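Quick caveat, the model's predicted, so the values are computed rather than measured.
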Amino acid sequence: MEASITLKAVAKKYKSNIVLADLSFGVEKGTTFVIIGESGSGKSTLLKILVGLIERNAGTAYIHGKDIETRWKETRSITGYLPQISNLDEELNIFENLTVYAQLHGLSSQMAKQKAILWSEKLHFKSVLMEMPQTLSFGTQRKICFARALIHDPEVILLDEPTTGLDPVSRATIWKILDGYRNKKTILFVTQNFEEAERFSDRIAILHHGNIKMNGTLDRLIETTHGLTRYHLTFLETPPDKLMDELKDFPKVVRPSLNGKDLEFYSRERQQFFNVLQIALKYGLQDIDTSMCQLRDLFTGLTDGGLE
Amino acid sequence: MSAVIVIIKRQWYGLRRHLLSWFIFLVLLPIILYMVFGLSLYKVIANVNQLNYLHWAAPGIWVSSGFLMSYLTAFIAMHHLRQTSGLLTIYLKAPVSCWTWLTGQTVWSILIGSVQLIVSLLLIGIINGELYSVIKWATLLVLIFPSVVFGAVLGTFVGSWVRRLFSAMLVNMVIIIAFLSCSGSFIPLTYFPHSLQSMFMIVPIVMEISAVQHLILYSEVMFSGAVLTLVLSACLFILNGAMIQHWIRK
């Protein structure tokens, strides 16, 4: 398949702080690519570089085969960007916010007005079109920013934590719209929401300290854990600290952590679980939960010392 | 070109919510300048080169009001976009270059400054009973227009680069006080010591004001000040654009 977004050895640093280090990856046309990472891992910086808001220190980046630096006009006209913060123009009402932005992307005045109305209907904010942004709730402002990002019908959509601060209904509406773009437009979104990442992505990359630690389909990523299982035990009472000392005798019990009444650990061998269970029973168990490793586990493991 | 028009439209959308207060300011500015500087200094300086001081000061009011309006419009707009709200970075996400944005802002400020200039010409002309030919009025407009352009460019520059509001206040105060007192708009340059006089006289905008006064006094046209002001404005515009291009996307 043809590449829609390509990054080659992209690096960015602020003074001595390296935000992105030698980052290389590609996103295929018409696919949804998700980048997950903790705060400060460089997710937003990456999107800002792609959209031309900040310059990289090294490397090259292409959108639809066009260098974002030398052919910025073309790349920006086919890109829609939703920033992490809602930053509507407070001197303009919502309708003006949308139409001005659409016209700056080359839409005619008439078309811009039509599109603004269309999006306000799609995202259910038509009743506030003539309101000023500062009078609206965060969630509504976010929906308007989303509409603003898509008003010029971009081929590449860059979203920075798109559903943060939205109520479940608005969240569902936004994902329904994005789902409609599947296989038609390239979507690159960054998030800390694992559920959304698992549900809506074709490929996932885990960004940690400016580096891609893993990149692949969800199944492929989960496969790398080689059948690692997560165990979660809930005690009746908070167990004593010596429980953790006892678990040290089982080296194949991975990353045990005790948080109040909850004990969590990973293992590939069922026998290890039985060993832990035997000890745990002494302290009175209330509940047991086992599940295959999910993206959240993989992420936590990767960004916090590994799952081995 | 169409992007410049959209930027001007955006500014208009913002302004039309404060149309009444803007209109009041538009009318009051030349009247305040006339009352505060014109009438008070008239008590001290009755005539300049055999011309009644109030007639002599009229060009100063025209130039000052046009310059101040375009300067303040440009400063407020640019400071808001670049410093206070940071909206410039969001608008620059669109396929619009820094140059286009700067051009849009400057053209908008020039338009507002020009409206102010016309209102001032009319008001002070009526109050003072200035009776000139149409050609003379047109020449006056042509001579004064570069100061409006310079005000817009300077305001955009200051708005782009002076970050803190307190610093901006200080810079604005210095520019406004220096303009009103040392440009020869209200206090004739002959009242200053020789050393300062010769220093002020090489400033393009001072040359321009002097040319306007010269036109009223002797009906002679001197374009050098206006041309130099335009050249200076162009240089400052290019410098600002290059700086924004270089720094804003870091």
Ignoring hydrogens and angles, tell me if any N or O in the side chain of A/R76 forms a donor-acceptor pair with the backbone of B/L92 under 3.5 Å.
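Yes: the side chain of A/R76 pairs with the backbone of B/L92.
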Could you tell me whether a side-chain N or O of B/K93 sits under 3.5 Å from a main-chain N or O of A/L82, the two making a donor and an acceptor?
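Not at all, since once roles are kept as given, no pair shorter than 3.5 Å links the two residues.
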If you compare all heavy atoms of A/W72 against all heavy atoms of B/P95, which two are closest, and at what distance to 0.1 Å?
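The pair with the smallest heavy-atom distance is CZ3-C, 3.8 Å.
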For B/L87 versus A/N87, what's the shortest heavy-atom pair and its separation?
CD2-O, 3.4 Å
Chain A contacts, top residue of B/K9, B/H18, B/R17 (heavy-atom pairs, under 4.5 Å):
B/R17
Please indicate whether [X] has more than 12 foreign heavy atoms, meaning atoms of other residues, nucleotides or ligands, lying under 6.0 Å from its [atom1].
| X | atom1 | answer |
| --- | --- | --- |
| B/R164 | CZ | no |
| A/K48 | NZ | no |
| A/F138 | CZ | yes |
| A/K66 | NZ | yes |
| B/M243 | CE | yes |

Check each atom of B/H80 against the heavy atoms of chain A and say whether the ones under 4.5 Å are side chain, backbone, both or neither.
side chain
Interface moiety of B/W101 toward chain A, non-hydrogen atoms closer than 4.5 Å:
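Side chain only.
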Answer whether the closest heavy-atom distance between the side chains of B/R10 and A/E91 falls below 4.5 Å.
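SC-SC contact between B/R10 and A/E91 confirmed.
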Which atoms of A/N93 approach chain B - backbone, side chain, both or neither, heavy atom under 4.5 Å:
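Both parts, backbone and side chain.
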What part of A/L88 gets within 4.5 angstrom of chain B, counting heavy atoms only: side chain, backbone, both, or neither?
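For A/L88, the backbone is the part near chain B, not the side chain.
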Counterpart residues, ring-ring contact (aromatic ring centres under 6.0 Å, His included), relative to A/F95 (two or more places apart):
none
Rounded to the nearest 0.5 Å, what separation is found between the NZ atom of A/K73 and the OG atom of B/S97?
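A/K73 NZ to B/S97 OG: 6.0 Å, rounded to 0.5 Å.
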